[in-house]
A.B. asks: 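Before anything else, here's the structure in question.
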Amino acid sequence: MGSELRVPFDRTRNHPAALTTSKFGISKMELLKACVSREWLLMKRNSFVYIFKIVQLIILGTIAMTVFLRTEMHRNSVEDGVIYMGAMFLGLVTHLFNAFAELAMSIAKLPIFYKQRDLLFYPSWAYGLPTWLLKIPISFLECAVWICMTYYVIGFDPNIERFFRHYLLLVLISQMASGLFRVLAALGRDMVVADTFGSFAQLVLLVLGGFLIARDNIKAWWIWGYWCSPLMYAQNAIAVNEFLGHSWRVVDPTDSNDTLGVQVLKSRGIFVDPNWYWIGVGALLGYIMLFNVLFIVFLDLLDPLGKGQNVVSEEELMEKHVNRTGENVELLLLGNDSENSPSNANAGGGEITGADTRERGMALPFTPLSITFDNIRYSVDMPQEMKDKGITEDRLVLLKGVSGAFRPGVLTALMGVSGAGKTTLMDVLAGRKTGGYIEGDINISGYPKNQETFARIAGYCEQNDIHSPHVTVYESLVYSAWLRLSPDVDSEARQMFVEQVMELVELTSLRGALVGLPGVNGLSTEQRKRLTIAVELVANPSIIFMDEPTSGLDARAAAIVMRAVRNTVDTGRTVVCTIHQPSIDIFEAFDELFLMKRGGEEIYVGPLGHNSCHLIDYFEGIQGVKKIKDGYNPATWMLEVTTLAQEDALGLNFAEVYMNSDLYRRNKALISELSTPPPGSTDLYFSKQYAQSFFTQCVACLWKQHKSYWRNPSYTATRIFFTTVIALIFGTIFLNLGQKVGKRQDLFNSLGSMYAAVIFIGIQNGQCVQPIVDVERTVFYREKAAGMYSALPYAFAQVFIEIPHVFLQTIIYGLIVYSLIGLDWAFMKFFWYMFFMFFTFLYFTFYGMMAVAMTPNSDIAAIVATAFYAVWNIFAGFLVPRSRIPIWWRWYSWACPVAWTLYGLVASQYGDIADVRLEDGEQVNAFIHRFFGFRHDYVGFMAVGVVGFTVLFAFVFAFSIKVLNFQRR
């Protein structure tokens, strides 16, 4: 037998259907067809991106063709040629930046690709080829829109052959850029990493592309970058195509026998050989092939980056050790209280009992309060979709006159099928609704509810567990207690109370753990639920609402969370939870039930009783309702027997049955009793809306922002690293060019270095801050609704925390670049350089924040901001000087903050040089004034301008945060 087994089985004897004989399920052609079909479907589903890009191109094309209008564009001198070069460079850069969206879209699809690749759905080439091929028609369409709008209106050479050559180059640069960003996405595999790679790639492409700095001025150690830059080949090809055309064959005998077009090319260090057009086309085609092949190779070779890990407490580690080894280790979840160990709590779902809170005591007293509501109706404007179906009512009623009472020390479950209005009722009672119409009476211990005072004595635990990701558990609780407890509570008592709350909800062992982002890193879902409860408890509320505290948890985690909830109730607080399909153990932990049916009506409001006996007796007493089976979950049975289908089958309405029951009459009597203020009691009153003063709110918000930024190196450290590398690149590319002012090209080179730094680092600042502000804004909505602070202290902290980080960024960049470029070390010139750089980086950062504050999310903010960056690029004063901008657009150059920055930088450095003359004898300051329109006398005004833009963007950010609320409830 052994000898037989050693002989490999002859696979040719297999039945054809017995085993697979190929790696993939279908042929290569079928694989490619399937992937093409899927990619086409994804593009149709994501059509908004492509439509928006077309619209953006139309807007930018309209601006470009009216700025570079042919009636204003002349062909009389080399300077006129420089303006045409700016127009061509704008076209190339527009299509380069337009492809940047490919980066985010590619990264979003990578997790699915890796999963399907590893399961052998298809090979990498079958996924990569359609991604490339289907983008080719998009590039042709986008470039056709741009060139048809701009080519003849700007006044490029009218020869139709040169028109199509120009068009081909734009298509190739668009395809090259798409391929480049796909490669960076496959290489980076993470948005932050890939975004940084993408910014570096754009930087090297543009700076070494032959426009910002002429080829003749590039240092020997960077000339390889010039020859490797795809943009260089595009720049040379597009320039040769234009300036060797018929329109530029004007000979200027005063200078040389060269045509004006050749003089322009030579002045900018561009090759004058007409073959360079085809060299450029060939190089771009080569880069397109290279990038797309590399994309497929990286997809095939690289695996997804490792995922972040959740925090594991010491108790969980001990429990896992016990389960693995079988050792008898006593595991304590609550201090030294062995009665609450998982072995006694039956972590898999035993009886949920609270800790003995009376033994512990609570450091801060509170007043137990009840909440009653009578005949609550809530409606919203009828959605247009429902009106289209023939519904004539103006309002859609979601709650139809519900009534009830929640009392101290009683844990109430708010239940019902999906669409019954559980969360709606809770939001109405808690005052969290941002729209709609509320009718009915809500009383707090007999007095009408006032939302401003109610927020001070109530807590609301949201289902989504929203917290700042870069602070610890302990700091989250200290921050909440600091802002929500009365100023009369000293710091020692506050700290003691925080410790007691942590012990109550079993967070002591996690005090130093970072909260992290949900599903990415930091706390697990169950730990975040307990933190959410603790954050509300440290406010010492009398009433707590909890929205589905056990959703998304396994049985063990749900038991731990419910034990924390039970502990909270046992302190004498009023606690209400919405709950969805609870287990028997969780359901039995509740004292009372508020059951609703679809349509917003209550059908049972009363006690559960031991083993849900009262609930079961009530429904089994209704004729026709089937009996519950032994051991069956009462919660599940209750929902099954009260469905709309059951109502139709039994011919009754459970809401009407409840309205005619003794239980309803007892509840009405209880509501009436609790709606009368107790003798000697007074209404809730607080002298001010917020617990702490405005100054304390600012200090607390700034403290949290400092902690968040300090522990977020992916934002702060990456920004500093990016700035340092860019400074070294710029410094070595433009080495010692600052003192060279003998030629016009020297001045253009220096201006190019300033322009590139402002645009690149500025836009990077604006882009990087947006996801940070977006995450924090979500936390802000929760904290503001909880009455922790007003909008202005939050905005102040968000603005102020950026200042030292941007200052450090400016110092690093300024010292490196200023010394390497070799600018004049006169004190005032150095001061003005640092001043303008600091406020420029700052207003770009504030502009990014402002864009988030004015839009629903960071994705839309990035799209809106990018559109304005492109417009600022046109009017910055580099591609076309202010003096050459048509009069109908010149006003916008004063509304463009980058133009003020460049004015201040150039005028402060070169606007006072009168003792140096250019190659034609013109003084440097005279040329700066004549060509750019910059005067040294106006540097002070420019300084006021950039400060003004900084203050304006910060103010609009604060105003938008205060006024706009994109959270719809």
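One-based numbering along the sequence shown. From a predicted model like this one, the values you see are computed outputs, not experimental measurements.
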A.B. asks: We want to know whether Asn765 and Gln809 form a side-chain donor-acceptor pair, criterion being a heavy-atom distance below 3.5 angstrom.
C.D. replies: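 Indeed, the side chains of Asn765 and Gln809 share at least one donor-acceptor pair under 3.5 Å.
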
A.B. asks: Has Phe52 got more than 12 heavy atoms of other residues, nucleotides or ligands less than 6.0 Å from its CZ?
C.D. replies: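 Yes, because the 6.0 Å sphere around CZ of Phe52 holds more than 12 heavy atoms from other groups.
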
A.B. asks: Show me the pairs that pass salt bridge (charged side-chain N to carboxylate O under 4.0 Å, His left out) and involve residues 921-938, at least two apart or across chains.
C.D. replies: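 Checked against salt bridge (charged side-chain N to carboxylate O under 4.0 Å, His left out) - neighbours excluded - the pairs reaching residues 921-938 are Glu79-Arg930, Arg744-Glu922, Glu922-Arg930, Arg935-Asp937.
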
A.B. asks: Quick one: which of Phe875, Phe97, Tyr847 gives a ring-ring contact (aromatic ring centres under 6.0 Å, His included) with Tyr869?
C.D. replies: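 Passing option: Tyr847.
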
A.B. asks: Return yes when atom OH of Tyr938 has more than 12 non-hydrogen atoms of other residues, nucleotides or ligands closer than 6.0 Å, and no otherwise.
C.D. replies: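 Open.
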
A.B. asks: Ring centres of Tyr151 and Tyr167 under 6.0 Å apart?
C.D. replies: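 Centroid separation for Tyr151 and Tyr167: 6.0 Å or greater.
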
A.B. asks: Please answer whether the main-chain N or O of Asp157 pairs with a side-chain N or O of Glu242 as donor and acceptor at a distance below 3.5 Å.
C.D. replies: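 Yes; at least one donor-acceptor contact below 3.5 Å.
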
A.B. asks: Check the orientation of Tyr794 and Phe780. Use parallel for under 30°, tilted for 30 to 60°, and perpendicular for over 60°.
C.D. replies: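 Because their plane-to-plane angle is under 30°, the rings of Tyr794 and Phe780 count as parallel.
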
A.B. asks: Among Phe844, Tyr892, Phe878, exactly one meets ring-ring contact (aromatic ring centres under 6.0 Å, His included) together with Trp872. Which residue is that?
C.D. replies: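 In the set Phe844, Tyr892, Phe878, the residue that makes a ring-ring contact (aromatic ring centres under 6.0 Å, His included) with Trp872 is Phe844.
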
A.B. asks: Is it true that the side chains of Thr66 and Trp889 contain a donor and an acceptor less than 3.5 Å apart?
C.D. replies: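 Note: Thr66 and Trp889 side chains meet the donor-acceptor criterion.
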
A.B. asks: Donor-acceptor pair, Ser908 side chain versus Lys829 backbone, under 3.5 Å?
C.D. replies: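 Looks like no, no N/O pair under 3.5 Å.
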
A.B. asks: Please walk me through it: do Phe953 and Val799 pass side chain to side chain contact (heavy atoms under 4.5 Å, CB included)?
C.D. replies: CA-CA 10 Å; Phe953 293 156; Val799 165; over 6 Å; no

A.B. asks: Tell me every residue that passes salt bridge (charged side-chain N to carboxylate O under 4.0 Å, His left out) with Lys53, counting only those two or more places apart in sequence or in another chain.
C.D. replies: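 By the salt bridge (charged side-chain N to carboxylate O under 4.0 Å, His left out) rule, Lys53 matches Glu142.
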
A.B. asks: Taking everything shown except Phe796 itself, do over 12 heavy atoms lie less than 6.0 Å from its CZ?
C.D. replies: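 Count over threshold, so yes.
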
A.B. asks: Any donor and acceptor pair, going by atom type alone, linking the side chain of Arg719 with main-chain N or O of Gln764 inside 3.5 Å?
C.D. replies: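 No; judged by distance alone, with no hydrogens or angles, the pair does not exist.
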
A.B. asks: May I ask you to check whether Phe748 and Phe931 place their ring centers less than 6.0 Å from one another?
C.D. replies: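 Centroid separation for Phe748 and Phe931: below 6.0 Å.
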
A.B. asks: For the rings on Phe830 and Tyr818, is their centre-to-centre separation under 6.0 Å?
C.D. replies: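 Centroid distance Phe830-Tyr818: below 6.0 Å, so yes.
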
A.B. asks: Are the ring centres of Phe839 and Trp900 closer than 6.0 Å?
C.D. replies: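 That pair fails the under 6.0 Å test.
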
A.B. asks: Evaluate the criterion side chain to side chain donor-acceptor pair (under 3.5 Å) for residue pair Asn873 and Tyr755; output intermediate values, then yes/no.
C.D. replies: CA-CA 9 Å; Asn873 182 37; Tyr755 159 80; 2.2 Å; yes

A.B. asks: Assess the residue pair Met88 and His166 against the criterion (side chain to side chain contact (heavy atoms under 4.5 Å, CB included)); give the C-alpha distance rounded to whole Å, side-chain angles, the decisive distance to 0.1 Å, and a yes or no.
C.D. replies: CA-CA 9 Å; Met88 287 184 282; His166 193 115; 4.2 Å; yes

A.B. asks: Tell me if the centroids of the rings in Tyr152 and Phe163 come within less than 6.0 Å of each other.
C.D. replies: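 Ring-ring flag for Tyr152/Phe163: true, centres closer than 6.0 Å.
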
